[in-house]
Amino acid sequence: MLTESGSVQREALQCYFGYRRMKNVASVKVQPRKRTLVVTLKVDPDSVELVEGFTRDVRGIGFHGTGALEARIRSHADLERAGDLIRRSVEAC
């Protein structure tokens, strides 16, 4: 979904996968034991209704990656829910 537009490129880093256009768009960390993708996006958390267990504000929290909004993707339904957030992050950069 992040690379659909063709203008976003993926880069494998030590702790996560970085996605960038002109600037960093998102980062994806794989948590295989939890069967979860943790996606941090360049979306203002104040502009989103945060859903416990799905999205959270990570401003002020030390982490590897880019962005201020974290989305936890555990299923195809979660990926669908995160689609709009991912598009907003890509369009913002």
Side-chain angles (χ1 to χ4, degrees):
M1 187 171 277
L2 280 164
T3 58
E4 281 180 351
S5 68
S7 63
V8 177
Q9 306 213 348
R10 183 178 81 171
E11 181 179 353
L13 301 166
Q14 186 174 359
C15 297
Y16 61 94
F17 293 97
Y19 290 84
R20 67 181 328 151
R21 200 168 170 181
M22 297 290 236
K23 298 180 180 180
N24 289 342
V25 173
S27 59
V28 178
K29 185 175 181 181
V30 180
Q31 294 181 333
R33 289 186 178 176
K34 294 181 180 180
R35 296 180 182 227
T36 302
L37 294 176
V38 179
V39 182
T40 52
L41 302 162
K42 284 210 167 182
V43 174
D44 181 11
D46 295 331
S47 69
V48 176
E49 183 179 336
L50 300 178
V51 178
E52 179 142 359
F54 176 62
T55 53
R56 75 176 179 150
D57 182 352
V58 292
R59 293 178 288 196
I61 298 174
F63 67 97
H64 295 286
T66 190
L69 181 72
E70 177 183 279
R72 293 187 168 270
I73 300 174
R74 296 179 185 92
S75 67
H76 186 70
D78 285 346
L79 181 60
E80 293 295 322
R81 287 172 52 189
D84 181 52
L85 299 172
I86 293 168
R87 279 187 280 287
R88 285 174 55 185
S89 184
V90 170
E91 290 168 1
C93 292

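- Note that NZ of Lys29 and CZ of Arg72 are 9.0 Å apart. Values are rounded to the nearest 0.5 Å.
- Residues Pro45 and Ala68 approach most closely at CG-O, 3.2 Å, considering heavy atoms.
- With sequence neighbours left out, the side chain to side chain donor-acceptor pair (under 3.5 Å) criterion links Ser89 to no other residue.
- Closest approach of Phe17 to Val30, counting heavy atoms only: CE1-CG2, 4.2 Å.
- Applying the side chain to side chain contact (heavy atoms under 4.5 Å, CB included) test between Leu41 and each of Val90, Val48, Ile86, Thr55 identifies Ile86 as the sole match.
- Arg88 meets the side chain to side chain donor-acceptor pair (under 3.5 Å) test with Ser47; sequence neighbours excluded.
- Heavy-atom contacts from other residues, nucleotides or ligands closer than 6.0 Å to CZ of Arg35 number 12 or fewer.
- The closest side-chain donor-acceptor pair between Thr66 and Ser27, if any, does not fall under 3.5 angstrom.
- Once rounded to the nearest 0.5 Å, the distance linking CG of Leu69 with NZ of Lys42 reads 13.0 Å.
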Could you give me the CA-CA distance, side-chain angles and deciding distance for Ile61 and Glu70, then say whether side-chain contact (heavy atoms from CB on, under 4.5 Å) is met?
-> CA-CA 11 Å; Ile61 298 174; Glu70 177 183 279; over 6 Å; no

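- Using a 4.5 Å cut-off between side-chain heavy atoms of Ile, Leu, Val, Met, Phe, Trp and Tyr, with links allowed through other members, Leu79 and Leu85 fall into the same hydrophobic cluster.
- Residue Ile73 comes nearest to Ala82 through the heavy atom pair CD1-CB, 4.0 Å, listed as atom of the first residue, atom of the second, then distance.
- Residues Val38 and Val51 do not share a hydrophobic cluster, defined by chaining ILVMFWY side chains whose heavy atoms lie under 4.5 Å apart.
- By the salt bridge (charged side-chain N to carboxylate O under 4.0 Å, His left out) test, Arg74 pairs with no residue at all, sequence neighbours left out.
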